Amino acid sequence: MTRFKLPLLIITIFSFFVLISCQDNTENSLVFDAMDTSMVIRSFGKNSAEANRLAQKRILELENLISVTKDTSEVWKINNAGSYAQPVSEDTATLLSLSLKVAEESGGALNPCLYPVIREWGFTTGDYKVPSASKIAELLSKTDYSKIILKKNENFSEVFMQPEMMIDFGAVGKGYAGDCAIAVLKEQGIKSAILDLGGNVQTLGPKTDGSLWTIGIKSPWNGTPVAGVKVKDKAVITSGGYERFFVDSETQHKYIHIFDGKTGRPVENDVASVTIIAESGLYADSLSTTLVVLGKDGAIKFWDAHKDFDFIMILDDKTLMYTAPLKDYLIIDYDFEKVIVVS
Ligand code: AMP
Ligand code: MG
């Protein structure tokens with residue numbers, strides 16, 4: 001090294017450390033209720049308190065837009081528009097367009113218009129019951145998602161539906177809310193944040209020290225962590241029957257909140273939980289529900305055809321199944337009966 005280069009190197013290293021030490025990593029957390037769950041936004045940076053507040057505002061606005069039960073929401077308006085065309089916001093158009101795409105690709109495992117059936121079983125109203133076969137058949141006739149037309153015009157989008165059809169973003173709303181909140185945090189200059197939106201975890205950047213976040217995967221049996229996955233800039237979103245269900249008092253049969261659109265009944269398979277890891281929260285949330293419906297073999301086939309996400313599936317018989325690209329990022333903390341790597 002020449003005499004001239006050494007001081008230059010020292011100055012560069014010194015400036016680097018000054019820069020690092022000047023970074024403001026003030027941490028702020030905001031806890032609130034939205035979309036029927038408890039949410040936490042934790043971000044780091046000079047502006048983190050204000051950024052969190054604006055992200056929360058965006059989530060609450062979204063909740064008011066897409067709630068299927070509030071009679072002031074846009075979704076409520078669409079669901080009660082009969083066969084008239086309804087102009088819709090960009091948010092609704094984005095949610096519907098992705099939902100219809102995944103519905104198509106999954107052969108209807110995801111179906112954004114199952115609400116008439118789901119409501120009849122008592123999910124969202126709390127009045128749980130097993131409807132008669134004829135009632136289920138009658139309501140199923142209103143759930144053909146191929147009859148929904150989303151027309152994108154130059155300045156706005158509009159939706160056409162058959163009368164009595166209803167859309168519901170219960171399977172995708174929280175994931176999309178996470179994406180929107182992260183977009184707000186980014187606009188506010190935040191480089192590192194972690195959001196827990198009722199068990200859906202979404203991360204912005206790495207931790208402030210540059211290392212990856214470790215996101216715990218819960219046991220579907222007792223809620224304790226059974227695994228951890230290391231990520232940055234990713235959504236880690238889980239679905240499973242353990243999250244919401246009711247037990248028929250006469251038969252003691254358990255009915256979960258995720259439905260098979262072909263039968264109009266809650267899914268009954270050996271999947272205990274599915275965790276999706278993907279860049280987009282909306283995509284990850286849509287797939288967590290989809291893969292529960294598809295089951296073990298369907299999930300493998302779907303992943304093979306797409307490979308633009310990863311998944312971790314826990315089966316009732318204590319099998320853990322995960323996609324090969326997760327290999328170096330997964331920490332297993334439980335004595336599973338069997339571990340299958342899908343490649
Ligand atoms: P998640 O917790 O993301 O799996 O979403 C579950 C919610 O999505 C349920 O509470 C229902 O509102 C809705 N849902 C249930 N089954 C389906 C399905 N097959 N397709 C679309 N949405 C569904
Ligand atoms: Mg979902």
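Just so you know, residue 1 is the first one in the sequence shown, and it goes up from there. These figures come from a predicted structure and were not determined experimentally.
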**Prompt:** Is there a donor-acceptor pair under 3.5 Å between the side chain of S48 and the backbone N or O of T26?
**Reply:** yes

**Message:** Is it the case that the side chain of T323 and the backbone of P325 share a donor-acceptor pair, with hydrogens and angles ignored and the cut-off at 3.5 Å?
**Reply:** no

**Fill in**
For Y242, the other hydrophobic cluster members (4.5 Å side-chain criterion, sorted by chain and number) are none

**Request:** May I have the step-by-step check of side-chain contact (heavy atoms from CB on, under 4.5 Å) for T143 and Y145, ending in yes or no?
**Result:** CA-CA 6 Å; T143 61; Y145 61 86; over 6 Å; no

**Request:** Evaluate the side-chain proximity of V231 to I277: yes if any heavy-atom separation is below 4.5 Å, no if none is.
**Result:** yes

**Fill in**
For D285 and G175 the tightest heavy-atom approach is OD2-N, 3.0 Å

**Item:** Donor-acceptor pair, side chain of E120 and main chain of K135, under 3.5 angstrom
**Value:** no

**Prompt:** Above 12 or not: heavy atoms from other molecules or residues under 6.0 Å from NZ of K57?
**Reply:** no

**Message:** One thing to verify: whether D36 and K174 come together as a salt bridge, which I'm taking to mean a side-chain N less than 4.0 angstrom from a carboxylate O.
**Reply:** no

**Prompt:** Okay, side chain of D168, backbone of P112: is any donor-acceptor separation there less than 3.5 Å?
**Reply:** no

**Message:** Check this for me, if you would: do K147 and D144 make a salt bridge, where the nitrogen-to-carboxylate-oxygen distance has to be below 4.0 angstrom?
**Reply:** yes

**Request:** Anything under 30° is parallel, anything over 60° is perpendicular, the rest tilted; go ahead and classify F302 against F309.
**Result:** tilted

**Message:** Could you report the tightest heavy-atom contact between L150 and A93, atom names first, then the distance?
**Reply:** CD2-O, 3.6 Å

**Message:** Could you report the tightest heavy-atom contact between V102 and S286, atom names first, then the distance?
**Reply:** CG2-OG, 3.7 Å

**Message:** Can you tell me how far apart CG (L98) and OG (S280) are? Round to the nearest 0.5 Å.
**Reply:** 6.0 Å

**Item:** side chain to side chain contact (heavy atoms under 4.5 Å, CB included) involving T319 - partner list, sequence neighbours excluded
**Value:** L315, D317, K338, I340

**Prompt:** Can you name the nearest heavy-atom pair linking I314 to W221, along with the distance?
**Reply:** CG2-CH2, 3.4 Å

**4.5 Å side-chain heavy-atom contact, M165 and I148** = yes

**Heavy-atom check, side chain of D310 versus side chain of I276, under 4.5 Å** = no

**Prompt:** Does the side chain of I300 come within less than 4.5 Å of M321's, by heavy atoms?
**Reply:** yes

**Shared hydrophobic cluster, W76 / V88 (ILVMFWY, side-chain heavy atoms < 4.5 Å)** = no

**Request:** Check step by step if side-chain hydrogen bond (donor to acceptor under 3.5 Å, both in side chains) holds for N222 and T224.
**Result:** CA-CA 6 Å; N222 62 20; T224 57; 2.8 Å; yes

**Request:** Please report the shortest heavy-atom distance between G295 and N269, naming the atom on each side.
**Result:** CA-ND2, 3.7 Å

**Prompt:** Once you round to the nearest 0.5 Å, how far does CG of N79 lie from CD of E74?
**Reply:** 10.5 Å

**Selection residues 154-199 - residue pairs positive for ring-ring contact (aromatic ring centres under 6.0 Å, His included), sequence neighbours left out** = none

**Prompt:** Linking I/L/V/M/F/W/Y whenever any side-chain heavy atoms sit under 4.5 Å apart, do L96 and M166 land together?
**Reply:** yes

**Request:** Start with the C-alpha distance between S73 and L65, add both sets of side-chain angles, then the distance that settles side-chain contact (heavy atoms from CB on, under 4.5 Å), and finish with yes or no.
**Result:** CA-CA 5 Å; S73 79; L65 191 79; 5.9 Å; no

**Asked** Under a 4.5 Å side-chain heavy-atom rule over Ile, Leu, Val, Met, Phe, Trp and Tyr, are I237 and L326 clustered together?
**Response** no

**Asked** Looking only at heavy atoms, which two atoms of E63 and M35 are closest? And how far apart?
**Response** OE2-N, 2.9 Å

**Fill in**
The complete set of ring-ring contact (aromatic ring centres under 6.0 Å, His included) pairs with one or both residues in residues 77-131, sequence neighbours excluded, reads W121-Y255, W121-F259, F123-Y128, F123-F246, F123-F259, Y128-F246

**Item:** Expected output: side-chain N200 to main-chain V236 donor-acceptor under 3.5 Å
**Value:** no

**Asked** Are the side chain of D179 and the backbone of L282 linked by a donor-acceptor contact shorter than 3.5 Å?
**Response** yes

**Heavy-atom check, side chain of C113 versus side chain of K142, under 4.5 Å** = no

**Prompt:** Heavy-atom count around K191 NZ within 6.0 Å, excluding the residue itself: above 12?
**Reply:** no

**Euclidean distance, I256 CD1 relative to S239 OG, rounded to 0.5 Å** = 9.5 Å

**Prompt:** Is a side-chain N or O of N52 found less than 3.5 angstrom from the main chain of N28, in a donor-acceptor match?
**Reply:** yes

**Request:** Go through the steps for R53 and E50 under the test salt bridge (Lys or Arg N to Asp or Glu O under 4.0 Å), then give the verdict.
**Result:** CA-CA 5 Å; R53 210 186 51 73; E50 172 67 356; 3.2 Å; yes

**Prompt:** Side chain of D196, backbone of G199: donor and acceptor closer than 3.5 Å?
**Reply:** yes

**Item:** Heavy-atom side-chain contact between H306 and E105 under 4.5 Å
**Value:** yes

**Intermediate values then yes/no, side-chain contact (heavy atoms from CB on, under 4.5 Å), T214 and L212** = CA-CA 6 Å; T214 303; L212 300 178; 6.0 Å; no

**Asked** With a cut-off of under 6.0 Å to the ring centre and 45° to the axis, is K301 in cation-pi contact with W303?
**Response** no

**Message:** So does V274 get a backbone contact from the side chain of S288, meaning a donor-acceptor N/O pair under 3.5 Å?
**Reply:** no

**Request:** Examine K234 relative to W213 and say whether NZ or CZ is less than 6.0 Å from the centre of the six-membered ring and inside a 45° cone about the ring axis.
**Result:** no

**Prompt:** Do the side chains of V31 and I182 join up, straight or via other hydrophobic residues, at under 4.5 Å, putting them in one cluster?
**Reply:** no

**Asked** For D335, does the CG atom sit with more than 12 other heavy atoms under 6.0 Å from it, leaving out its own atoms?
**Response** no

**Non-neighbouring partners of E138 that pass side chain to side chain donor-acceptor pair (under 3.5 Å), sequence neighbours left out** = none

**Complete:** Quick note, ring-ring contact (aromatic ring centres under 6.0 Å, His included) partners involving residues 323-343, not counting sequence neighbours, are Y334-F336

**Request:** With the side chain counted from C-beta on, respond yes when F311 and L291 share a heavy-atom pair under 4.5 Å apart, and no when they do not.
**Result:** yes

**Message:** Run N64 and T72 through side-chain contact (heavy atoms from CB on, under 4.5 Å) and show every step you take.
**Reply:** CA-CA 7 Å; N64 285 330; T72 47; 5.7 Å; no

**Request:** Kindly compute the distance separating CD1 (I215) from OG1 (T203), expressed to the nearest 0.5 Å.
**Result:** 6.0 Å

**Prompt:** Is I167 close to L95 at the side-chain level, that is, under 4.5 Å between some pair of heavy atoms?
**Reply:** no

**Item:** Lys/Arg-Asp/Glu bridge criterion (N-O < 4.0 Å) met for E104, K101
**Value:** no

**Item:** From CG (N25) to OG (S192), nearest 0.5 Å
**Value:** 7.5 Å

**Request:** Look at atom CD of E61 and say whether more than 12 heavy atoms of other residues, nucleotides or ligands are closer to it than 6.0 Å.
**Result:** yes

**Request:** Take atom CD of E279 as the centre, draw a 6.0 Å sphere, and report whether it contains more than 12 heavy atoms from other residues, nucleotides or ligands.
**Result:** no

**E90, CD atom: more than 12 neighbouring heavy atoms under 6.0 Å** = no

**Fill in**
Output for pair (L204 CG, L195 CG), nearest 0.5 Å, gives 8.5 Å

